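All values reported here derive from a predicted model rather than from experimental measurement. By convention in this document, chain letters (A, B, ...) are assigned in the order of the sequence lines, proteins followed by strands, and residues within each chain are numbered from 1. Only heavy atoms go into these numbers, but all of them, side chains included; no hydrogens, no water, no symmetry mates.
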There are 2 protein chains.
Amino acid sequence: MSDLLERLRGRGWRMTAQRRVVAEVLDGDHVHLTADEVHARAVVKLPEISRATVYNTLGELVSLGEVLEVATDKRAKRYDPNAHRPHHHLVCARCGAIRDVHPDGNPLADLPDSERFGFTVSDVEVTYRGVCPNCAAA
Amino acid sequence: MSDLLERLRGRGWRMTAQRRVVAEVLDGDHVHLTADEVHARAVVKLPEISRATVYNTLGELVSLGEVLEVATDKRAKRYDPNAHRPHHHLVCARCGAIRDVHPDGNPLADLPDSERFGFTVSDVEVTYRGVCPNCAAA
DNA sequence: GCTTGACTTAGACAATGTCTATTGTAGGGT
DNA sequence: ACCCTACAATAGACATTGTCTAAGTCAAGC
């Protein structure tokens, strides 16, 4: 993750404690936090960080292409730091747990011209839904 | 759509003017309205209908499997009356227009066991993104 | 160590969705 | 045809998520 900070500094990002903390919170695999969850964790490390800063920083990271916004639940946006390897998501319908997955095949190729309605299609987002082992056991 | 009302009556749904109006508003192809859009259109036909009723009715229709919730934009839930033929969505990144599409293949089959993390996977939701002909011309 | 403009802050505001207490009414029973 | 009663609708408060603004703060270059 420190290479992320380096990259951003190189792009003229001013380095502040707040931004460092947000980046640290997002570090890791299978991380898909909502903005408020990011804020809650950031506050632990830096008590005076404000909600607006977290929202701003997340928005900037998304613009810079370092973090993805995902809409796996219909309530709040989630932020996925795994922006550099294309992947999709598997969501537990009960507890909301999210895993990154890498399906075979290319769904983009599965959309025939006749179903494109003249659109220039550039991207596809796949969300699998099911029940995770924990919830199935309960 | 009147067959929808019949079906629901058969399932013990009490038929009210409000529910009829919400069902009418949702009728049609490629319809993907937000709750507030449904409310706005319902008010035209039945001025005294309340927001809460629209939300309740939409929620019931979803529970009954007659309408789908889709999360194509990250702002508000959208409601899709085309619940009986499986399909996916194609969204314009500029204007937000949504079309129902029917890709080839079955994305569920593309998720290998090794990528299922022990989940029981039951459903998959695919959102294609691109630019529609109107926006491309502008 | 200054200066400056970008960054952060608190809190107001906006949009979307949920809940509650009260009033109204669909549909069955007589 | 009329009444009951349980279910539905209403207005509006409340909750959650996200955006904006004005004022204060600070990182980084000089």
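- Atom CZ of B:Arg78 and atom P of C:dG17 are 10 Å apart (whole Å).
- As a whole-Å value, the separation of B:Leu58 CG from C:dT16 P is 14 Å.
- Axis orientation changes by 30° from one end of the helix from C:dG1-D:dC30 to C:dT30-D:dA1 to the other, with each end axis drawn from 5 pairs and the value rounded to 10°.
- Checking the phosphate oxygens (OP1, OP2) of C:dT8, no side-chain nitrogen or oxygen of A:Ser50 falls inside 4.0 Å.
- Listed by residue number, the members of residues 10-21 of chain B with any heavy atom below 4.0 angstrom from DNA chain C are B:Arg14, B:Met15.
- The separation between B:Leu8 atom CG and C:dA26 atom P is 17 Å, rounded to whole Å.
- Atom CD1 of B:Ile49 is separated from atom C1' of C:dG24 by 14 Å (rounded to the nearest Å).
- Note on A:Arg78 versus A:Glu69: no salt bridge recorded, every NZ/NE/NH1/NH2 to OD/OE distance being 4.0 Å or above.
- One atom, CD of B:Glu60, and another, C1' of D:dC7, lie 10 Å apart when rounded to the nearest Å.
- No donor-acceptor pair under 3.5 Å is formed between the side chain of A:Arg19 and the backbone N or O of A:Trp13.
- One can place NZ of A:Lys77 at 12 Å from C1' of C:dA15, the figure rounded to the nearest angstrom.
- For the pair B:His39 NE2 and D:dA9 P, the computed distance is 13 Å after rounding to whole Å.
- Distance CG (B:Leu33) to P (C:dG17): 13 Å, rounded to an integer number of Å.
- Of the candidate nucleotides D:dT17, D:dT10, D:dA28, D:dT17 has the atom lying nearest to any side-chain atom of A:Asp36.
- For the pair A:Leu8/A:Leu61, a side-chain contact is recorded, criterion being any heavy-atom separation below 4.5 Å from C-beta on.
- Two residues are said to be in side-chain contact when any heavy atoms from C-beta on lie closer than 4.5 Å; B:Pro103 and B:Tyr128 meet this criterion.
- Residue B:Arg51 places its side chain closer to C:dG17 than to any other of D:dG18, C:dG17, C:dA10.
- When side chains are defined from C-beta on, A:Thr34 does not count as touching A:Val38, because their heavy atoms never get closer than 4.5 Å.
- Of the listed residues (A:His87, A:His89, A:His30), just one forms a side-chain hydrogen bond (donor to acceptor under 3.5 Å, both in side chains) with A:Arg99, and that residue is A:His30.
- For A:Tyr55 and D:dG18, the shortest distance from a side-chain N or O to OP1 or OP2 is below 4.0 Å.
- Residue B:Ala52 is classed as a base contact, given a heavy-atom separation below 4.0 Å to a base.
- Contact check for B:Asp36 versus B:Tyr55: side-chain heavy atoms found under the 4.5 Å cut-off.
- Linking Ile, Leu, Val, Met, Phe, Trp and Tyr residues whenever their side-chain heavy atoms come within less than 4.5 Å leaves A:Ile98 and A:Val62 in two separate clusters.
- For B:Glu66 and B:Arg11, the salt-bridge test passes: some basic side-chain N is under 4.0 Å from an acidic carboxylate O.
- Defined by atom type and a distance below 3.5 Å, a donor-acceptor pair is missing between the side-chain atoms of A:Asp100 and A:His88.
- Residues A:Leu46 and B:Tyr79 both approach DNA chain C. Their nearest nucleotides, taken by heavy-atom distance, put A:Leu46 toward the 5′ side.
- Contact annotation: B:Arg75 reaches the phosphate of C:dT16 (side-chain N/O to OP1 or OP2, under 4.0 Å).
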